[in-house]
Amino acid sequence: MEPRWKPSVTVAAVIERDGQYLLVEEHTAEGLRLNNPAGHLDPGESLLEAVARETLEETTHRFTPTALVGVYLSRFQRQGRDGSPDEDITYLRFAYCGELGEVVAGRALDTGIVRTLWMTPDEVRASAARHRSPLVLRCMEDHLAGRRHPMETVFADPSVSAGPPRR
């Protein structure tokens with residue numbers, strides 16, 4: 001039997017302040033790209049824990065999610081280089097908006113993150129060719145359109161944080 005296909009689950013923070021959105025500039029295989037503070041869901045954490053952790057790692061700020069902006073599917077395909085296999089990854093992204101808290105003293109930006117920057121919606125739109133994913137723009141546009149879903153839309157059973165499975 002073939003292994004079951006599974007998308008890569010990611011989280012993203014859509015953070016707006018005074019009409020500007022917080023993005024990160026990061027190193028990727030395609031060069032410097034712009035992204036929301038975002039990353040992968042780790043084993044043993046809820047989506048809310050993941051988005052708070054990723055935002056802290058990539059911006060050094062605490063983040064408290066207050067609403068689900070949306071759930072998104074996207075596909076990334078890249079031809080393999082130097083004999084490496086082709087990549088074909090489907091991402092399932094949960095994007096949250098919320099409150100950006102204080103900077104955590106002594107905290108450094110995560111490896112690969114060059115800087116954080118605040119951009120107006122027009123600047124985000126104009127920089128679309130530099131976005132890590134088409135979802136950067138889509139999440140901002142959905143936020144601007146007022147899309148907010150209750151936090152209760154996504155439920156995490158306590159078993160998620162219960163530790164490794166018993167053998």
Side-chain angles (χ1 to χ4, degrees), residues 5-43 45-82 84-101 103-104 107-145 147-149 154:
W5 171 85
K6 297 175 186 173
S8 292
V9 177
T10 61
V11 294
V14 181
I15 302 167
E16 182 271 334
R17 181 175 68 192
D18 300 326
Q20 296 186 315
Y21 284 85
L22 179 62
L23 298 182
V24 297
E25 187 174 47
E26 59 188 336
H27 289 288
T28 72
E30 288 72 44
L32 283 178
R33 294 287 186 238
L34 298 171
N35 199 3
N36 305 103
H40 292 269
L41 176 68
D42 284 348
E45 70 182 352
S46 70
L47 293 166
L48 300 180
E49 291 166 336
V51 73
R53 174 186 53 76
E54 286 290 349
T55 303
L56 177 62
E57 289 174 357
E58 295 192 357
T59 71
T60 72
H61 285 265
R62 295 196 190 283
F63 176 70
T64 304
T66 58
L68 177 69
V69 175
V71 180
Y72 308 86
L73 271 176
S74 69
R75 186 175 178 190
F76 175 79
Q77 295 176 294
R78 173 175 46 206
Q79 222 176 7
R81 299 180 193 160
D82 301 325
S84 62
D86 292 349
E87 288 184 78
D88 187 355
I89 305 167
T90 299
Y91 292 99
L92 176 62
R93 175 186 267 206
F94 292 81
Y96 290 90
C97 61
E99 300 298 322
L100 188 66
V103 169
V104 175
R107 184 93 194 192
L109 295 175
D110 205 9
T111 302
I113 304 297
V114 175
R115 64 182 174 141
T116 61
L117 59 159
W118 291 95
M119 300 175 74
T120 66
D122 285 341
E123 290 170 331
V124 174
R125 290 179 190 113
S127 66
R130 292 192 56 221
H131 293 178
R132 181 152 190 186
S133 158
L135 297 181
V136 174
L137 183 57
R138 177 60 193 255
C139 289
M140 182 197 74
E141 297 292 3
D142 284 353
H143 184 266
L144 283 167
R147 290 191 175 86
R148 310 286 189 283
H149 305 282
V154 179

With a 3.5 Å cut-off and sequence neighbours excluded, list the donor-acceptor pairs that the side chains of residues 134-143 form with protein atoms.
residue	atom	partner	partner atom	Å
Arg138	NE	Asp142	OD1	3.0
Arg138	NE	Asp142	OD2	3.2
Glu141	OE1	Arg125	NH2	3.1
Glu141	OE2	Arg125	NE	2.6
Glu141	OE2	Arg125	NH2	3.4
Asp142	OD1	Arg147	NH1	3.0
Asp142	OD2	Tyr72	OH	2.7
His143	ND1	Tyr21	OH	2.6
His143	NE2	Arg148	NH2	3.0

Check [X] against [Y] and note the closest heavy-atom contact, atom names and distance.
X	Y	answer
Ala38	Glu58	O-OE2, 2.7 Å
Ala50	Glu45	CB-OE2, 3.4 Å
Ile15	Pro37	CD1-CG, 4.4 Å
Leu48	Tyr96	CD2-CE2, 3.5 Å
Ala95	Leu68	O-CD1, 3.4 Å
Gly19	Pro121	O-CD, 3.2 Å

Given side chains that start at C-beta, do those of [X] and [Y] come closer than 4.5 Å, heavy atoms only?
X	Y	result
Phe94	Val51	no
Arg115	Leu117	yes
Arg62	Glu99	no
Thr116	Thr60	no
Phe63	Pro65	yes
Ser8	His40	yes
Arg107	Leu56	yes
Leu23	Asn35	no

[atom1] of [X] to [atom2] of [Y]: how many Å apart, nearest 0.5 Å?
X	Y	atom1	atom2	answer
Leu109	Glu57	CG	CD	11.0 Å
Gln20	Met119	CD	CE	9.5 Å
Asp110	Glu26	CG	CD	9.5 Å

Hey, does the side chain of [X] reach the backbone of [Y] with a donor-acceptor pair shorter than 3.5 angstrom?
X	Y	value
His27	Thr111	no
His131	Leu34	no
Glu54	Ala12	no
Thr120	Glu123	yes

Residue pair Thr90, Trp5: steps toward the side chain to side chain contact (heavy atoms under 4.5 Å, CB included) verdict: CA-CA 10 Å; Thr90 299; Trp5 171 85; 3.4 Å; yes
Note: Glu49-Arg53 ion pair, threshold 4.0 Å (strictly below): no
